[in-house]
Protein chains: 2
Amino acid sequence: MSEELSERSRLILQAIIEDYTSTGEPVGSRTLSRRIGINLSPASVRNVMADLEDLGYLFSPHTSAGRIPTDKGYRFYVASLLQVQQLSPEVREHLQQESNFRELDTEGLLREAGRILSAISNYTGLVMVPRFTSTVFRRIEFVRLAATRVLVVFITQTGIVQHKMVEVREPLTQGELDEATNYLNQEFSGLSIQEVKSRIATEMAREQALFDNLQGRALLLSSYVLQHDLGGQVFVEGASNIFEQPEFADLSTMKRLLRTFDQKTLLVELLDKAQQVEGVQILIGSADNHSEIEGCSLVTSCYSSHRGTTGILGVIGPTRMPYAMVIPLVDYAATLVSDILNSESE
Amino acid sequence: MSEELSERSRLILQAIIEDYTSTGEPVGSRTLSRRIGINLSPASVRNVMADLEDLGYLFSPHTSAGRIPTDKGYRFYVASLLQVQQLSPEVREHLQQESNFRELDTEGLLREAGRILSAISNYTGLVMVPRFTSTVFRRIEFVRLAATRVLVVFITQTGIVQHKMVEVREPLTQGELDEATNYLNQEFSGLSIQEVKSRIATEMAREQALFDNLQGRALLLSSYVLQHDLGGQVFVEGASNIFEQPEFADLSTMKRLLRTFDQKTLLVELLDKAQQVEGVQILIGSADNHSEIEGCSLVTSCYSSHRGTTGILGVIGPTRMPYAMVIPLVDYAATLVSDILNSESE
DNA sequence: GTTGGCACTCTTCTTGGATGAGTGCTAATG
DNA sequence: CATTAGCACTCATCCAAGAAGAGTGCCAAC
């Protein structure tokens, strides 16, 4: 079984996918043979289709229906056949205009990016906040809420604010906390979280004696906070959008997907994986055994600031998706977000 | 038309609602007459039902179906017939245990409260962050992201962290911002936002001369921030839960509701209104012209800290809801959250 | 290799009758 | 006079059977 497809097979596969993408209906040999660019009779088309089905690129839902691309078919299409369009100038402008990005803080910016991705694509936007490990520390702040309860506010170089509650063993005054704040900010500002972590470790080891004094306690406090990766938060924007798609008109599918959005753990997992690749990443179908997102595809791209902080954003929609349009959209959104992050912070 | 219902009518209405609540099916005269506590023949029951229908408490979806309570019927039931149960000790314990509230910051606490409400009720949990006007100021922090971009971090007495980006006209150094921070924290900490606002106004009026110096700029900066009410954020938890209910098994209903959850504006509006009332508040059906949440009811209760800060939490579910169970649940959740907020901060 | 023709399959839509739940009305009953 | 039994009537739901339509696979002809 040669995996090399003939020119004709490729042409037909492409035609089928594009037709199916726009109609959502199984496509038959007659329809296809009428298509301009294909000068073959339905019978000939059928022969090719049968071949493609054997190779696993197509399948038919039942005997007397047309063919539908399989996930494998889509993957081949995206990898070899797809011609990515230019992002239309209108959309580009729309993206820049509609977004009053300037007025937003970073979290707002990311949320808004997801919302716009969702609105333009008509699918659901996903944005993941940068993981801590890839983040540059700008500022930390301790606020005493009660004697042994301290609110730690953490600000990254790109202006993302995270916070966490810490329960300390011995009571602290706000004055002590302020000192700790100053110490840590002077010491660590501008380092990456990883650097901060290792610095804390060495510092604490070196100065065992300091353990009881303020600096020691400050170190201890911040190490508590850094234990948990506060990043990796995922914003799901426009969940209702995706359900306009006819393939999700099924109740159980809808509920399953909605549950996945609610829980987010699977999304985090997938996005984390996609984040390891640069550029636009396309995950088609439940590549692994993720039945929760069966029938869905993910188009993602990393955004980043100049200091190496990277997060990821993208769109989740039906596998039957106009990739030629969605890919440049996601790509552009990622660069736009990157640019704004870079211009906002120094 | 006397609005006073006879003892028998009340009994039957109550029976119908309770039956319908548990089955979700229109209830007929035969079913009802078999019910213990009602010693009437189906025919007699029918007479009463016809009366109740005339009064607008019931309706039948079609001639040969049983009766279903109208919104008016439900309202009467909740107002006059309902016997609120005690919250079962198991649930109460469950609520206290499952929630590792202690480890959470305030935002996390509120989110978790919503999640648990959703999980126990099997509907969707709603939590609104306290409005600014009712909030006590604890701390403000300015972080310079770029020459003219300042991130303002705002912490309330109860440990809620809000932040916002401000674009300033003239460049500022972090040092200047730190001074402003100190000034504002000394000046305003512990005041309510309203007090802060008016203080700022008078201060700025009084010292026009100061306008150019640091204090003036700090005042200006904080007045920018306070212009927008950062509170009023709504967390929707367990959106997928509500769709397990058979009444939302309809696609268009589902999408409509989901869209409402996505946008949140209507939720904010409703919660805001409900917040003006103390104690458990029950909004049944689209009392006004809110067709988006047709068929839904809201059970809410305010939570508050000792300093007058109040937010609201609750559950949104189908109007056909076991109010006797949900009401004490929401009530208890609100007091629980209030207690934790009060114990956490001083 | 390509194509027209044809039998075959399978879904979808429609129709019509059977079923059953529940009502409203009326007349009988205590 | 309230209550009840009886009965005709209305509708939604279910099921089966048939017609229509789309598309296939295969074979023989070009």
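Side chains included, hydrogens not; waters and symmetry mates left out as well; all remaining heavy atoms used. To find a chain, count down the sequence lines: A is the first, B the second, and so on, and within it residues start at 1.
Rounded to a whole Å, the CG atom of B/L52 is 12 Å from the P atom of C/dG24. We find that CD1 of A/I12 is positioned 14 Å from C1' of C/dG1, with the value rounded to whole Å. The interatomic distance linking A/M49 (CE) with D/dA22 (C1') rounds to 12 Å, in whole Å. Rounding to whole angstrom units, CG of residue B/D51 and P of C/dC25 are separated by 12 Å. Rounded to whole Å, atom P of C/dA21 lies 12 Å from atom NE2 of B/H62.
Side-chain N or O atoms of A/T253 include none that pairs as donor or acceptor with a backbone N or O of A/A249 at under 3.5 Å. In this structure, the side chain of A/T21 engages the main chain of A/I17 through a donor-acceptor pair within 3.5 Å. With hydrogens and angles ignored, the 3.5 Å screen pairs a side-chain donor or acceptor of B/T70 with a backbone N or O of B/G73. For the pair B/S60 (side chain) and B/T63 (backbone), a donor-acceptor distance under 3.5 Å is absent. A/T31 places no side-chain N or O within 3.5 Å of a backbone atom of A/V27 that could act as its donor or acceptor partner. Under a 3.5 Å cut-off, the side chain of A/N241 and the backbone N or O of A/S118 do form a donor-acceptor pair.
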Could you list the protein-to-nucleotides 2-4 of chain C atom pairs, N/O on both sides, closer than 3.5 Å?
residue	atom	partner	partner atom	Å
C/dT2	OP1	A/R8	NH2	2.4
C/dT2	OP2	A/R8	NH1	2.8
C/dT3	OP2	A/S41	N	3.2
C/dT3	OP2	A/S41	OG	3.4
C/dT3	OP2	A/S44	OG	2.7

Can you tabulate the close N/O pairs, meaning under 3.5 Å, that link protein atoms to atoms of nucleotides 17-21 of chain D?
none

Set out, line by line, the N/O atom pairs under 3.5 Å between protein and nucleotides 28-30 of chain D.
none

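Under 3.5 Å, the side chains of B/S301 and B/Y332 contain no donor-acceptor pair of N or O atoms. A donor and an acceptor atom, one from each side chain of B/S297 and B/T319, are located under 3.5 Å apart.
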Go ahead and write out DNA chain C as dot-bracket, 5' to 3': ( ) for pairs within the strand, [ ] for ones crossing earlier pairs, | when the partner sits on another strand, dots for unpaired; Watson-Crick or G-U wobble, both distances under 3.5 Å.
||||||||||||||||||||||||||||||

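Contacts between residues 16-33 of chain A and DNA chain D, defined by a heavy-atom separation under 4.0 Å, are made by A/G28, A/S29.
With sequence neighbours left out, the salt bridge (Lys or Arg N to Asp or Glu O under 4.0 Å) criterion links A/E237 to A/R111, A/R115. B/D262 meets the side chain to side chain contact (heavy atoms under 4.5 Å, CB included) test with A/A239, A/S240; sequence neighbours excluded. In this view, A/V277 and A/Q281 satisfy the side chain to side chain contact (heavy atoms under 4.5 Å, CB included) rule, not counting sequence neighbours. Qualifying salt bridge (Lys or Arg N to Asp or Glu O under 4.0 Å) partners for A/K264, counting only residues two or more places apart in sequence or in other chains: none. Shown here are the side chain to side chain contact (heavy atoms under 4.5 Å, CB included) partners of B/L11, two or more places apart in sequence or in another chain: B/I38.
Every pair passing salt bridge (charged side-chain N to carboxylate O under 4.0 Å, His left out) that includes a residue from residues 315-332 of chain A is listed here, sequence neighbours excluded: A/E247-A/R320.
Dashed line: the shortest gap from a side-chain N or O of A/T63 to OP1 or OP2 of C/dT9 is not under 4.0 Å.
With respect to the salt-bridge test (charged N to carboxylate O, under 4.0 angstrom), the residues B/E292 and B/R259 do not qualify.
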Give the table of side-chain donor-acceptor pairs shorter than 3.5 Å for residues 44-52 of chain B, with sequence neighbours excluded, one pair per line with atom names and distance.
residue	atom	partner	partner atom	Å
B/S44	OG	B/S41	OG	3.2
B/R46	NH1	B/S29	OG	3.0

